[in-house]
Amino acid sequence: WVIMLLVPIMVYGLVRLNRAYEAEDHELHEDAQELARARTLRTHSVVVLVDSLDAATARALQYARTLTPDDLRAVHFDLDSWKTSLLEQAWRDLGFTRFPLDVVECPDRRMPRAALELAAEITGDDETELTILIPRREYTKVWHRLLHDRSSDAVAAALNNMPHCNVTIVPYHLGEQRTVPTAPVVQAKVAATNGKAVRTGPATANLSSALLPETRTRIADLASRQRMTVAGRVRAIRVQPWAGNPALECTLADETGSVTVVFFGRREIGGVRLGTIMTITGVAGEHHGMRAILNPEYVIISAPVAPTDPGKH
């Protein structure tokens with residue numbers, strides 16, 4: 001009776017397994033035909049998600065430079081202001097050229113959502129193929145893995161259905177002798193759906209219009225080659241290494257949109273940090289293909305408290 005019971009169960013399981021293999025094979029062949037005929041996008045952008053400047057991050061940065069993309073940047077989501085300030089200072093001391101660090105505000109501390117918004121902004125022109133590199137520490141012992149979270153998996157899952165966005169996990173194996181560099185494990189995830197991504201989210205969630213001057217121009221109504229005054233909240237800052245050309249770039253956002261503000265010849269301005277509310281007066285133009293205001297006049301309306309070392313309290 002044992003044989004009579006187990007054999008039908010095993011046959012049923014093998015038939016289902018065979019059907020699953022056939023369905024996967026059929027889907028892969030259909031997608032291959034469609035993707036082979038797809039239009040090649042004009043530009044390629046590579047983003048390295050950076051939490052701290054350690055060996056795992058350095059490995060991902062090294063790999064990113066070998067891809068020779070049209071646009072290359074590192075991005076840090078600001079979850080801890082003190083930790084962010086230390087990363088910014090360490091980044092300025094690097095010898096990298098043309099490898100800026102973008103510090104992006106993340107007020108709700110939801111990294112998958114912030115990564116999704118970033119990908120939507122970069123690929124929103126339908127002309128950019130995006131590769132996101134995520135450094136990840138790999139542990140040899142099981143109990144070491146239990147002590148660390150897997151936030152990279154959550155970020156990769158959030159980007160799974162984003163059109164023209166590919167996620168690459170770059171592992172760094174701890175506790176192993178490295179005589180030969182370990183090749184990165186590529187997890188390319190290309191969406192099968194079409195559609196243009198639209199940036200949404202809490203970029204101005206903490207911004208009250210009462211703090212902004214009434215005479216300002218809304219960023220959505222900003223006209224090119226005309227001197228105007230806009231106001232908003234600094235939601236992202238680009239940190240340039242010392243080896244690069246000095247320039248402070250920040251993203252200013254109001255309730256209608258955002259614009260890049262560039263101060264040439266300066267790497268930092270007192271009071272200008274994530275969360276600063278300020279007015280900008282200048283002429284809008286283009287900078288690296290993006291709408292920007294170059295070397296404007298500015299007035300700081302309010303600035304967050306400078307980050308302090310939590311270990312001194």
Side-chain angles (χ1 to χ4, degrees), residues 43-106 109 111-123 128-137 151-152 154-156 158-159 162 165-172 184-187 199 234-251 258 260 262 267-268 272-274 287-290 307:
T43 60
H44 179 212
S45 179
V46 172
V47 171
V48 182
L49 299 186
V50 175
D51 179 57
S52 60
L53 195 54
D54 54 18
T57 299
R59 175 68 188 94
L61 297 176
Q62 180 190 38
Y63 174 60
R65 297 173 74 188
T66 66
L67 300 178
T68 60
D70 301 292
D71 176 52
L72 178 62
R73 73 181 82 171
V75 173
H76 172 74
F77 296 118
D78 180 37
L79 304 179
D80 184 328
S81 58
W82 174 250
K83 184 178 179 180
T84 298
S85 65
L86 294 180
L87 176 62
E88 290 175 346
Q89 185 57 50
W91 202 269
R92 293 188 183 99
D93 296 336
L94 283 179
F96 290 140
T97 57
R98 299 179 61 189
F99 207 141
L101 171 68
D102 290 354
V103 180
V104 179
E105 191 178 27
C106 189
R109 304 181 65 84
M111 285 184 57
R113 181 189 180 101
L116 191 62
E117 293 175 355
L118 175 69
E121 183 178 23
I122 295 175
T123 61
T128 301
E129 190 77 23
L130 173 63
T131 299
I132 294 183
L133 304 182
I134 304 179
R136 187 166 72 186
R137 304 166 190 169
S151 56
S152 59
V155 172
L159 299 171
M162 174 65 65
C165 178
N166 309 278
V167 178
T168 300
I169 301 295
V170 184
Y172 184 84
V185 178
V186 179
Q187 298 179 348
R199 181 181 177 89
V234 177
R235 77 174 187 207
I237 290 180
R238 171 166 289 188
V239 180
Q240 296 282 358
W242 286 113
N245 296 324
L248 174 64
E249 299 182 23
C250 58
T251 301
S258 62
T260 300
V262 184
R267 284 191 170 87
E268 53 185 334
V272 178
R273 59 179 67 96
L274 291 180
H287 179 65
H288 294 163
M290 300 176 61

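What you are looking at is a predicted structure, and each value in this text was computed from that prediction instead of being measured.
- A 4.5 Å side-chain heavy-atom check between Thr68 and Thr66 finds every atom pair outside the cut-off.
- At least one side-chain heavy atom of Ser258 sits under 4.5 Å from a side-chain heavy atom of Arg235.
- Side chains of Thr43 and Thr128: a donor-acceptor N/O pair is present below 3.5 angstrom, by distance only.
- Between Leu79 and Met111, the closest side-chain pair of non-hydrogen atoms falls below 4.5 Å.
- In plain terms, the two heavy atoms of Thr260 and Val262 that are nearest each other are CG2-CG2, 3.9 Å.
- Between Ala56 and Pro135, the shortest heavy-atom distance links the atoms O-CB, 3.6 Å.
- Between Arg65 and Leu72 the shortest side-chain heavy-atom distance falls below 4.5 Å.
- Note that CG of Asp80 is 11.0 Å distant from CG of Leu87, once rounded to the nearest 0.5 Å.
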Might you work through the side-chain contact (heavy atoms from CB on, under 4.5 Å) test for Leu159 and Ile132, ending with a clear yes or no? CA-CA 9 Å; Leu159 299 171; Ile132 294 183; 3.4 Å; yes
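- Taking 4.5 Å as the limit, some side-chain heavy atom of Arg267 sits within range of a side-chain heavy atom of Pro246.
- Side-chain atoms of Asn166 come within 3.5 Å of backbone N or O of Leu130 as a donor-acceptor pair.
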Would you please test Asp78 and Lys83 for salt bridge (charged side-chain N to carboxylate O under 4.0 Å, His left out) and show each step? CA-CA 8 Å; Asp78 180 37; Lys83 184 178 179 180; over 6 Å; no
Test side-chain contact (heavy atoms from CB on, under 4.5 Å) on Val103 and Glu88; report intermediate values, then the result. CA-CA 8 Å; Val103 180; Glu88 290 175 346; 3.6 Å; yes
Between Arg92 and Glu268, is a side-chain contact (heavy atoms from CB on, under 4.5 Å) present by the stated rule, with each step listed? CA-CA 11 Å; Arg92 293 188 183 99; Glu268 53 185 334; 4.1 Å; yes
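- At least one side-chain heavy atom of Val47 sits less than 4.5 Å from a side-chain heavy atom of Leu118.
- Here the SG atom belonging to Cys250 is positioned 12.5 Å from the CZ atom belonging to Arg273, to the nearest 0.5 angstrom.
- Using a 4.5 Å heavy-atom cutoff, the side chains of Asp71 and Val46 are not in contact.
- Nearest heavy-atom pair across Trp91 and Val239 is CD1-O, 3.6 Å.
- Interatomic distance, Ile134 CD1 to Ile169 CD1, rounded to the nearest 0.5 Å: 4.0 Å.
- Side-chain contact between His76 and Val104 is absent, with no heavy atoms from C-beta onward closer than 4.5 Å.
- Heavy atoms only, all atoms of each residue included: Val170 and Arg59 are closest at CG1-CG, 4.1 Å.
- The heavy-atom pair separating Ile237 from Val272 by the smallest distance is CD1-O, 4.0 Å.
- Taking OG1 of Thr57 as the start and OH of Tyr172 as the end, the distance is 11.0 Å to the nearest 0.5 Å.
- For the residue pair Ala60 and Val48, the shortest heavy atom distance occurs at CB-CG1, 3.9 Å.
- Listed for the Asp70 side chain is a donor-acceptor partner under 3.5 Å among the backbone atoms of His44.
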Go through it in stages, so that I can follow the logic: the residues are Val50 and Val75, the test is side-chain contact (heavy atoms from CB on, under 4.5 Å), and I'd like the CA-CA distance, side-chain angles, deciding distance and then a yes or no. CA-CA 6 Å; Val50 175; Val75 173; over 6 Å; no
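- With values rounded to the nearest 0.5 angstrom, Leu67 atom CG is found 11.0 Å from Ser45 atom OG.
- Of the inter-residue distances, the one linking Thr84 atom OG1 with Phe77 atom CZ reads 11.5 Å to the nearest 0.5 angstrom.
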